[in-house]
**Q** 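Provided herewith is a single structure, encoded as structure tokens, for subsequent inquiry.
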Protein chains: 2
Amino acid sequence: MTDISRSGCPINLSLEVLGDKWSLLIIRDMMFGNRRHFRELLTKSEEGISSNILADRLKTLLDAGIITREDDPSHKQKGIYSLTEQGIELMPVLAQMAAWGYKYLPVSEELGIRARLLSEGGPKLWAEFMDELRESHLGAKRRKRIGPSVGERLQAAYESVVNRK
Amino acid sequence: MTDISRSGCPINLSLEVLGDKWSLLIIRDMMFGNRRHFRELLTKSEEGISSNILADRLKTLLDAGIITREDDPSHKQKGIYSLTEQGIELMPVLAQMAAWGYKYLPVSEELGIRARLLSEGGPKLWAEFMDELRESHLGAKRRKRIGPSVGERLQAAYESVVNRK
DNA sequence: TACAACCAGTTGCAAAATGCAATCGGTTGT
DNA sequence: ACAACCGATTGCATTTTGCAACTGGTTGTA
């Protein structure tokens with residue numbers, strides 16, 4: 001734990017926590033893939049993270065206050081990882097990064113559809129999705145909504161592309 | 001050059017290019033600090049990057065099409081690095097990351113002021129700043145503007161905090 | 001024209017981070 | 001009783017990073 005920072009710049013400080021190839025992917029999976037257990041994060045991600053790296057990053061994210069861990073009452077060994085408000089507010093960062101990647105990198109059609117919808121929806125859609133995350137990760141109450149949630153719409157769009165191919 | 005990607009996810013692909021502790025800092029310095037030469041990036045950054053890492057990252061960013069390099073006509077050895085349109089469009093990613101860091105991390109007052117102004121200004125201010133970057137990095141023409149540029153305003157705010165302390 | 005300062009990198013090497021596969025002690029369902 | 005599953009941990013090889021010295025060349029000044 002060497003927490004001497006290189007500078008007090010907000011971008012630098014953010015990168016000292018999140019500046020590696022895995023941390024934001026873990027947050028992405030928790031956010032958009034609804035992965036909440038170690039095993040889910042380990043096996044159900046596209047990229048195939050190693051278990052030691054996953055364990056290490058979860059520890060870092062816990063220390064940084066971006067996620068929390070609580071025991072799963074249904075299974076004595078399972079832990080449930082949740083995003084904190086701080087973690088949920090990384091959504092716009094991921095959305096911007098996804099929009100940029102979608103525009104300039106060789107994104108696959110099925111994995112790009114979410115980025116496209118999120119980008120087209122803009123900050124208003126992001127706020128709606130963040131509210132849903134507050135409900136599922138923080139247990140916050142939400143006013144009744146009409147129709148499918150943003151999360152459901154993104155998932156449905158993804159599956160629709162997969163099934164079409 | 002191993003360019004086999006772990007997945008076609010836009011966030012993953014972005015992280016494969018930018019997911020380290022230095023790349024986005026270099027872009028930050030080019031964008032907000034107007035650093036355009038190797039030596040400026042090496043010595044005038046807060047964090048103190050090593051010359052070999054800087055050389056390596058500049059190569060990667062060139063390959064990725066995020067920056068370009070051209071010879072400086074005033075000095076046979078100097079190169080001028082510029083952001084491409086693709087690089088300029090990383091502005092919102094940096095702005096969101098800065099806003100998040102400003103809110104949740106121990107940001108110093110003088111280095112946080114830019115993040116605050118940028119966050120308060122929102123997408124409209126970002127677009128204005130990106131237009132200025134197109135002018136200074138791509139040589140694009142801009143319609144006449146009234147008063148100081150966004151870059152100048154950010155710089156003035158920074159200096160005002162430094163002088164006050 | 002000598003020379004110091006500056007220029008963009010490169011090199012060698014030690015230390016740290018990453019990636020992989022096997023494994024651990026424990027829990028759960030059959 | 002036992003196989004499958006659980007969240008990690010361990011050992012080890014490979015890769016990346018960080019540091020300092022250095023290279024070959026250019027520029028400004030005396």
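These numbers come from the heavy atoms of this one structure, side chains and all, not from hydrogens, waters or symmetry mates. These figures come from a predicted structure and were not determined experimentally. Just so we're on the same page: letters track the sequence lines, and every chain starts at 1.
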**Q** Would you say the side chain of B:Ser51 and the base of C:dT10 hold a donor-acceptor pair, judged only by whether the two atoms sit under 3.5 Å apart?
**A** yes
**Q** With a 3.5 Å cut-off and heavy atoms only, can you find an N or O donor on one side and an acceptor on the other between the side chain of A:Gln77 and the base of C:dG26?
**A**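 Counting by modelled atom types and ignoring angles, a donor-acceptor contact under 3.5 Å is found here.
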**Q** Relative to the 5' end of DNA chain C, which residue comes earlier, A:Gly48 or A:Lys76, by the nucleotide with the nearest heavy atom?
**A** A:Gly48
**Q** Please give, in whole Å, the distance from D:dC5 P to A:Arg39 CZ?
**A**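 Roughly 10 Å, once rounded to whole Å.
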**Q** Could you state the CG-P distance from B:Asn52 to C:dG12, rounded to the nearest angstrom?
**A**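 Result: 13 Å.
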**Q** Please report, rounded to the nearest Å, how far the P atom of D:dT26 is from the CG atom of B:Asp71.
**A**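 About 12 Å, once rounded to whole Å.
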**Q** What's the CD1-C1' distance between A:Ile67 and D:dG7, to the nearest Å?
**A**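 After rounding, the gap between these two atoms is 13 Å.
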**Q** Counting only side-chain nitrogens and oxygens, does B:Arg69 get under 4.0 Å of the OP1 or OP2 atom of C:dG9?
**A** yes
**Q** Does the side chain of A:Trp22 get closer than 4.0 angstrom to OP1 or OP2 of C:dG19 through an N or O atom?
**A** yes
**Q** Is the B:Phe38-B:Tyr81 ring centre distance short of 6.0 angstrom?
**A**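 Not close enough - the centres of the two rings lie 6.0 Å or further apart.
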**Q** Taking OP1 and OP2 of C:dT18, is either one under 4.0 Å from a side-chain nitrogen or oxygen of A:Arg57?
**A** yes
**Q** When you match A:Ser74 and A:Ile53 each to their closest nucleotide on DNA chain C, which lands nearer the 5' end?
**A**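 It is A:Ile53, whose closest nucleotide lies nearer the 5' terminus.
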**Q** Step by step, would you call A:Lys103 with B:Glu89 a salt bridge (Lys or Arg N to Asp or Glu O under 4.0 Å)?
**A** CA-CA 10 Å; A:Lys103 188 162 181 182; B:Glu89 290 193 24; 2.9 Å; yes
**Q** Less than 4.0 angstrom between a side-chain N/O of B:Lys59 and OP1 or OP2 of C:dT10, yes or no?
**A** yes
**Q** Check this for me: does any side-chain nitrogen of one of A:Glu109 and A:Arg164 sit under 4.0 Å from a carboxylate oxygen of the other?
**A** yes
**Q** If I take atom CD in residue B:Glu16 and atom C1' in nucleotide C:dT18, what distance separates them, rounded to the nearest angstrom?
**A** 15 Å
**Q** Return the value, rounded to whole Å, for the distance between atom CD of B:Glu47 and atom P of D:dC19.
**A** 13 Å
**Q** Less than 4.0 Å between a side-chain N and a carboxylate O, is that true for A:Glu120 and A:Arg116?
**A**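 Result for this pair is yes, salt bridge flagged.
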**Q** Within the pair B:Arg6 and C:dG19, is there a side-chain N or O less than 4.0 Å away from OP1 or OP2?
**A** no
**Q** Within this structure, what is the NZ-to-P distance between A:Lys78 and D:dC6, rounded to whole angstrom?
**A** 5 Å
**Q** Would you mind checking if B:Glu110 and B:Lys165 are paired as a salt bridge, meaning a charged N to carboxylate O distance below 4.0 Å?
**A**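 Salt bridge between B:Lys165 and B:Glu110, a charged N being under 4.0 Å from a carboxylate O: yes.
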